[in-house]
Each structure stands twice: as structure tokens, then as C-alpha cells.
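Inspection log for the structure reproduced underneath, given as C-alpha cells.
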Amino acid sequence: MRVAAAPTRRHDCDVLVIGGGTIGMSTAYALTRTAPGTRVTVLDQQKRPAPAPPTTGVIHSGIHHRPGSPLARYTILGATELIKFCTEYDIPHAVTGKLIVATDRAELPRLHALVQRGRENGIPVRELGAAQIPDHEPAVRGIAAIHVGTTGVCDVVGVTRQLADASGAEIRYGAQVVHIDRRPALGVTVHTADGTVLRARALVNCAGPHGAEVARMAGDTPAVRTVSSRGEYYTLNRPDLLRGLVHPVPDPTSPLPGVHLTRGIDGTVHVGPHATRADLSSFTEAVRRLLPDVRAADLTPAGTARLRDGTPTDDFLLHEAPHTVHVLNVPSPATTASLPMGRAVAWRVLGVLGSG
Ligand SMILES: Cc1cc2nc3c(=O)[nH]c(=O)nc-3n(C[C@H](O)[C@H](O)[C@H](O)COP(=O)(O)OP(=O)(O)OC[C@H]3O[C@@H](n4cnc5c(N)ncnc54)[C@H](O)[C@@H]3O)c2cc1C
């Protein structure tokens with residue numbers, strides 16, 4: 001695909017992307033792959049590439065998502081593409097598989113429903129009895145489990161850097177966008193906190209949790225209601241207790257995955273999140289349901305993370321305005337889904353460029 005016209009002297013680039021997270025970088029990458037020659041600049045207020053901590057770099061299977069939903073499609077396709085991308089560019093990654101473990105009989109119907117959902121999503125799922133759990137995770141206990149074959153982990157910062165390099169985009173860190181002007185015939189003018197002014201033919205807002213705020217800066221008022229929640233994470237001081245990823249059976253009344261254990265690509269084991277501020281003993285209790293050997297002294301606080309900050313919808317939300325595409329809701333697992341999501345955003349932006 002060709003971009004309709006080259007940037008004129010009035011424009012510093014064709015497309016300005018606000019936000020250099022995985023979605024912003026995937027969009028830049030998809031733009032220059034789909035329409036070679038497109039001049040893309042990415043602005044990020046952070047000083048260097050870094051995912052919101054403690055993103056653990058899990059390549060999710062998509063087992064939980066409604067079969068046929070956009071999020072299921074993006075995640076399942078995204079997982080395959082992300083593994084291919086990591087292999088192609090030699091980025092550390094591993095397909096470890098994941099156990100979802102029932103520790104109470106009341107969870108068994110939900111575990112069986114997940115097996116069904118996984119199969120409908122075309123994901124390799126194996127049912128395990130209590131005696132088979134230690135074959136996969138010797139220190140984990142439960143009354144039944146399922147093994148999901150396609151889950152893995154990767155170096156998220158490495159992925160983000162490589163997307164940036166391979167896109168050929170100009171990346172400016174330490175560039176906080178504070179003001180946006182739009183003129184019908186001229187395109188978009190963006191002002192950063194240090195007084196820099198950049199003009200582009202089109203703007204993409206990939207500011208993650210700040211998406212609605214950036215949309216308002218552009219004078220748009222998308223009808224999104226923001227819901228927020230935060231959660232506490234810990235690291236496990238005895239990482240040898242875990243081989244891969246272990247999750248509880250999700251609680252259907254909570255949008256969050258519950259306290260789970262993730263061995264990252266660097267060997268660190270992250271534990272969490274606990275959705276509300278909890279004392280260490282109740283957190284330890286939640287971990288011990290899966291991993292009975294853990295004591296409070298084995299856990300070190302790893303910080304608090306923004307778990308959810310977006311609309312209460314579970315799907316990707318794009319909003320188009322003149323010369324602009326806003327990415328307003330990026331549901332988890334957006335890192336996994338980032339390559340196809342970035343393509344979807346890029347197509348919308350190229351449509352905006354073509355009509356501008
Ligand atoms: C705790 C946690 C753990 C997660 N773990 C995983 C996981 O293991 N695997 C997975 O697939 N998904 C995971 N996710 C989901 C996924 O990582 C995030 O949804 C994804 O990082 C979102 O990417 P993004 O590019 O939309 O947003 P972000 O990564 O938040 O990037 C937005 C960027 O915009 C920049 N920005 C904002 N405002 C401005 C401004 N005014 N000017 C300039 N720059 C601005 C910010 O600095 C930021 O870098 C996790 C999410 C959370 C919350």
C-alpha cells in the first residue's frame with residue numbers, strides 16, 4: 001500500500017504516534033511494513049523504553065476469551081506471531097505452558113468449562129488429575145488442573161525495542177505531549193512539555209491508560225468511562241519452587257486473574273496481583289493454596305501496578321476523529337496481541353491519511 005502523498009514542508013512526518021508502549025510501537029511497525037515510505041515519529045514521555053511494571057512478558061494463550069471475539073482472535077494470532085517475531089530477531093522467549101489449578105471442589109465445573117472454551121478456541125489443553133500435577137510442577141498442589149500448551153514468556157523490553165528498530169520510525173523519549181491542535185486542511189500540530197512543536201498529517205493516540213486524557217487534549221470527547229484498579233505484586237525469593245506459570249481457576253465475579261505465579265524469562269518469579277491492599281499473611285495464604293511450601297519470608301514486595309484502567313468493556317476500542325485515531329481501551333493481554341492489534345490500528349490510520 002502507498003501513502004497518498006509525501007509529507008509536505010508543512011509536516012515533519014506523515015504519522016505522529018503518541019505512546020511508545022507495545023501498541024504504539026506495533027502500530028509504527030505495521031505502518032511502515034504496510035505502507036513503506038510512511039514517515040513515522042513516536043513520542044513517549046518516558047526517558048527510555050520500559051513497560052509498565054511489573055509486566056511479566058507472558059505470551060498468553062487466549063484460553064479465557066470468548067471464542068470468535070476480537071480479543072480471542074487477536075490474542076491467539078498474536079501469540080503465534082509474537083513467538084515468530086522473537087525467533088526471527090533472537091529475542092529471549094520460551095514456550096513453557098501454563099497450569100490452571102483447582103484447589104477446591106467448587107472450582108471443578110469452572111475448570112471443565114475452561115477446557116471446553118480452550119478447545120473451542122483451538123488451544124491445546126490437557127486435563128490432569130491431582131497425581132499428575134507434580135509431573136509438571138513438583139511443588140504445586142491441587143485437586144485437578146489443566147495444562148495449556150501454548151503459553152510462554154518473552155523479554156517485553158526486547159520486543160518493544162525491536163519493533164522500534166524494525167519500524168525505522170523516529171523515536172523521541174522524554175517527549176511529553178501537553179497540547180494538540182488540529183486544522184482541517186493542515187493536519188495535526190503537537191506541542192511537548194519542552195516546547196518542541198511537531199506537525200503531522202495524522203495522529204495516533206496510543207497513550208495506554210492516558211488515552212482518554214490525550215483524546216481530550218485533541219478536543220475530542222469520546223464517551224468512555226474509566227474504571228481503575230490497582231494490585232500488589234511480590235517476587236518469590238525461592239524461584240526454584242516454580243518451573244513455569246501457575247494460575248488459580250478464575251473467579252467469575254472478578255475481572256482480574258487472581259493471585260498467580262509467573263516465572264519470567266529472566267528466571268524471576270512474580271506473584272500477584274492482590275486486587276486490594278492486603279496484609280502479607282492473607283497474600284501468603286492465597287499463594288500457599290497453590291504452592292504450599294511458601295512462607296511469608298519467601299515473598300518480597302515488588303510494587304503496586306495499575307491493573308485495569310479503561311472502559312469496562314473487554315475489547316479493544318478505537319475512536320476516529322479528523323486526522324486522528326485514538327486507541328482508547330487496550331485490554332490485557334495487549335502485549336501478546338500487539339502485532340495484530342498494531343496492524344488493525346495502522347489500517348485505520350492509513351484510511352485517515354488516504355482521506356485527508
Ligand atoms: C500489571 C500488568 C501486567 C501485564 N502483563 C502482561 C503480560 O504479561 N502479557 C501481556 O500480553 N499483557 C500484559 N499486560 C497487558 C499489556 O501489557 C498492557 O495492556 C500493554 O502494555 C498496553 O500497552 P500500550 O502500548 O497500550 O500502553 P502502555 O504500555 O501503557 O504505553 C503507553 C505509553 O504512552 C506514554 N504516554 C502516555 N501519555 C503520554 C503523553 N501525554 N505524552 C507522551 N507519551 C505519553 C506512556 O509513557 C507509555 O509509555 C499487563 C498489564 C498490566 C497492567
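Because the structure is predicted, anything quoted here is derived from the model rather than measured. Atoms within each ligand, like the ligands themselves, are counted from 1 in listed order.
Numbered from 1 in the order shown, with element, the atoms of ligand 1 that lie under 4.0 Å from a heavy atom of Tyr233 read 1 (C). Which parts of ligand 1 touch Gly19 is read off a 4.0 Å heavy-atom cut-off, strictly below it: atoms 33 (C), 34 (O), 35 (C). Ligand 1 places these atoms under 4.0 Å from at least one heavy atom of Val177: 40 (C), 41 (N), 42 (N), 43 (C). Close approach of ligand 1 to Thr335 is summarised as follows: ligand atoms under 4.0 Å from at least one heavy atom of the residue are 10 (C), 11 (O), 12 (N), 16 (C), 17 (O). Short contacts between ligand 1 and Gly57, defined as distances under 4.0 Å to a heavy atom of the residue, involve ligand atoms 8 (O). Atoms of ligand 1 lying under 4.0 Å from any heavy atom of Pro333, numbered from 1 in the order shown and given with element: 10 (C), 11 (O), 12 (N).
Residue pairs meeting the side-chain hydrogen bond (donor to acceptor under 3.5 Å, both in side chains) criterion with at least one member in residues 97-114: none, sequence neighbours excluded. Judged as a ring-ring contact (aromatic ring centres under 6.0 Å, His included), the pairs with a partner in residues 21-46 (not counting sequence neighbours) are, in order, Tyr29-Phe85.
To the nearest 0.5 angstrom, Asp90 atom CG is 9.5 Å from Gln162 atom CD.
Of the listed residues (Pro209, Gly21, Ser338), the one carrying the non-hydrogen atom nearest atom 30 (O) of ligand 1 is Pro209. Nearest to atom 39 (C) of ligand 1 by heavy-atom distance, out of Met217, Met341, Gln45, is Gln45. Closest heavy-atom approach to atom 9 (N) of ligand 1 among the candidates Thr336, Val58, Val153: Val58.
Taking any N or O of Val214, backbone or side chain, none lies under 3.5 Å from an N or O belonging to ligand 1.
In this structure, Arg238 pairs ionically with Asp298, as a charged nitrogen and a carboxylate oxygen lie closer than 4.0 Å. For the pair Asp220 and Arg182, the salt-bridge criterion is met [side-chain N within less than 4.0 Å of a carboxylate O].
Contacts between His60 and ligand 1, counted as non-hydrogen atom pairs separated by less than 4.0 Å, involve the side chain only. Counting heavy atoms closer than 4.0 Å to ligand 1, residue Cys206 contributes backbone atoms (N, CA, C, O) but none from C-beta onward. Only side-chain heavy atoms of His210 come within less than 4.0 Å of ligand 1; its backbone N, CA, C and O stay farther off. Residue contacts with ligand 1 for Ala175 involve N, CA, C or O but no side-chain atom from C-beta outward (heavy atoms, distance under 4.0 Å).
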For this session: Show your working on side-chain hydrogen bond (donor to acceptor under 3.5 Å, both in side chains) between Thr38 and Asp14 and close with a plain yes or no.
Result: CA-CA 6 Å; Thr38 308; Asp14 292 303; 5.2 Å; no
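Here the side chain of Asn205 pairs a donor or acceptor atom with the backbone of Ala207 at under 3.5 angstrom. Checking side-chain atoms of Arg117 against main-chain N and O of His64 turns up a donor-acceptor pair under 3.5 Å. For Glu137 (side chain) and Gly244 (main-chain N/O), a donor-acceptor pair under 3.5 Å exists by modelled atom type.
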